[in-house]
Amino acid sequence: MTQTIDNQPATGMAPQQSQVELVEQQLRADVKHLNRFSSRGLWAFSLFILVCLTAWRDFPMLPLPDTVIAALGPPPPAHIISIVLLFYTFSAIILSLSRMTAGIEHKSSFCHVGYLTGFLLFYHFAKALDDNFWAVFGAGTTILAVESYRIWSFCRDALSRKAEQLEFIQRTGRVPPEED
């Protein structure tokens, strides 16, 4: 701590030092968050695999399709579900790639698991799951792989920026300059 001529602490230095410490703490918290966030795609893929294993066994915890059809009415035909699945797959991939290009942080992996589960359920209640399981599984694997890579790539880039900022603080003891 620096002192003035009359042995009083210099007041201008303490706030500057605490601001650097606050920025460093925030950067470390951001690094921790990004490390956790980078595995989000893998968690979503794991959940999708769990749902697929349940679908493979014909959703044993759900009521029989005839019971649901009697209560809600007939489901759409399998070919209509397949057309919607095809549109959804291409739309999800294009959206994910555009987010990757723009560098947008978006937490959409688990939404895709929900949508894909919906397709599995529609096929199940249309009694066409056996014929279309692999189509949903392939679409889901592709979508979630692109989404996982997008999240991982975003986190990798952000982590490298945060590491550079931390290194700047440790090297100079000053707050890093603002990014453009």
Side-chain angles (χ1 to χ4, degrees), residues 25-163 166:
Q25 287 175 354
Q26 182 61 44
L27 285 171
R28 291 191 190 285
D30 290 347
V31 166
K32 190 175 181 179
H33 166 74
L34 287 166
N35 281 326
R36 279 193 317 268
F37 183 65
S38 67
S39 62
R40 184 179 184 89
L42 294 175
W43 284 108
F45 188 74
S46 299
L47 180 60
F48 177 66
I49 294 297
L50 183 66
V51 169
C52 285
L53 288 173
T54 307
W56 183 260
R57 296 183 51 213
D58 266 346
F59 293 107
M61 74 298 241
L62 294 179
L64 294 174
D66 293 330
T67 309
V68 174
I69 290 171
L72 298 177
H79 69 280
I80 299 295
I81 300 170
S82 296
I83 291 170
V84 174
L85 176 64
L86 185 67
F87 281 124
Y88 167 70
T89 302
F90 285 115
S91 298
I93 290 170
I94 289 170
L95 184 61
S96 187
L97 290 174
S98 67
R99 286 180 182 146
M100 185 186 312
T101 303
I104 297 173
E105 176 183 13
H106 189 265
K107 304 170 175 94
S108 65
S109 296
F110 289 101
C111 296
H112 292 299
V113 175
Y115 297 139
L116 293 163
T117 301
F119 282 108
L120 289 169
L121 289 172
F122 272 113
Y123 280 127
H124 173 70
F125 293 128
K127 298 179 184 176
L129 184 58
D130 292 341
D131 297 333
N132 297 289
F133 174 80
W134 291 109
V136 178
F137 184 79
T141 302
T142 305
I143 291 167
L144 291 172
V146 170
E147 194 66 16
S148 291
Y149 180 75
R150 180 192 64 80
I151 291 171
W152 176 81
S153 176
F154 172 82
C155 290
R156 183 194 65 206
D157 293 343
L159 281 169
S160 68
R161 285 191 307 273
K162 300 295 180 187
L166 277 171

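For the pair H124 and P63, the tightest heavy-atom approach, listed with the atom from each and the gap, is NE2-O, 4.2 Å. In plain terms, the two heavy atoms of C155 and F37 that are nearest each other are SG-CD2, 3.3 Å. Nearest approach of V136 to F48, heavy atoms of both residues: O-CZ, 3.8 Å. The shortest non-hydrogen separation linking Y123 to A78 is CE2-O, 3.8 Å. For the residue pair P75 and A126, the shortest heavy atom distance occurs at CG-CA, 3.5 Å. For A139 against L85, the heavy-atom pair with the smallest separation is CB-CD1, 4.2 Å.
A distance-only check finds a donor-acceptor pair linking the side chain of S160 to the backbone of D157 [under 3.5 Å]. Looking only at distances, no side-chain donor or acceptor of T141 sits under 3.5 Å from a matching main-chain atom of G138. In this structure, the side chain of R150 does not engage the main chain of G103 through any donor-acceptor pair within 3.5 Å. No donor-acceptor pair closer than 3.5 Å links the side chain of S96 to the backbone N or O of A92. A donor-acceptor pair under 3.5 Å is formed between the side chain of S98 and the backbone N or O of L95.
Under the 6.0 Å cut-off for aromatic ring centres, Y115 and Y88 qualify, their centroids lying closer than that.
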Kindly determine whether M100 and Y149 satisfy side-chain contact (heavy atoms from CB on, under 4.5 Å), including the steps that lead there. CA-CA 9 Å; M100 185 186 312; Y149 180 75; 3.5 Å; yes
For L144 and V113, what are the C-alpha separation, side-chain angles and deciding distance, and is it a side-chain contact (heavy atoms from CB on, under 4.5 Å)? CA-CA 8 Å; L144 291 172; V113 175; 4.2 Å; yes
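Looking only at side-chain heavy atoms (C-beta outward), R99 and F154 stay at 4.5 Å or farther from each other. Within the 4.5 Å cutoff, no side-chain heavy atoms of F119 are placed close to those of N132. When side chains are defined from C-beta on, F133 counts as touching C52, because their heavy atoms get closer than 4.5 Å. V31 has its side chain out of reach of L27: every pair of non-hydrogen atoms, C-beta onward, lies at least 4.5 Å apart. For the pair L34/R156, no side-chain contact is recorded, criterion being any heavy-atom separation below 4.5 Å from C-beta on. Residues W43 and S39 have side chains in contact (heavy-atom distance under 4.5 Å, counting atoms from C-beta outward). A heavy-atom distance below 4.5 Å is not found between the side chains of V84 and P76. Within the 4.5 Å cutoff, the side chain of L120 has no heavy atoms near those of the F137 side chain.
One finds the NZ atom of K32 at 16.0 Å from the NZ atom of K162 (value rounded to the nearest 0.5 Å). Atoms CZ and CG, on R161 and L166 in that order, are 13.0 Å from each other to the nearest 0.5 Å. Distance check, rounded to the nearest 0.5 Å: CG of L121 to CG of L129 gives 9.0 Å. F125 CZ to D66 CG: the interatomic distance, rounded to the nearest 0.5 Å, is 11.0 Å. Distance check: T89 OG1 to I143 CD1 gives 4.0 Å after rounding to the nearest 0.5 Å. Residue I49 holds its CD1 atom at 11.0 Å from OG1 of T54, rounded to the nearest 0.5 Å.
Under the salt bridge (Lys or Arg N to Asp or Glu O under 4.0 Å) criterion, R36 pairs with no residue, sequence neighbours left out. Qualifying salt bridge (Lys or Arg N to Asp or Glu O under 4.0 Å) partners for D131, counting only residues two or more places apart in sequence or in other chains: none.
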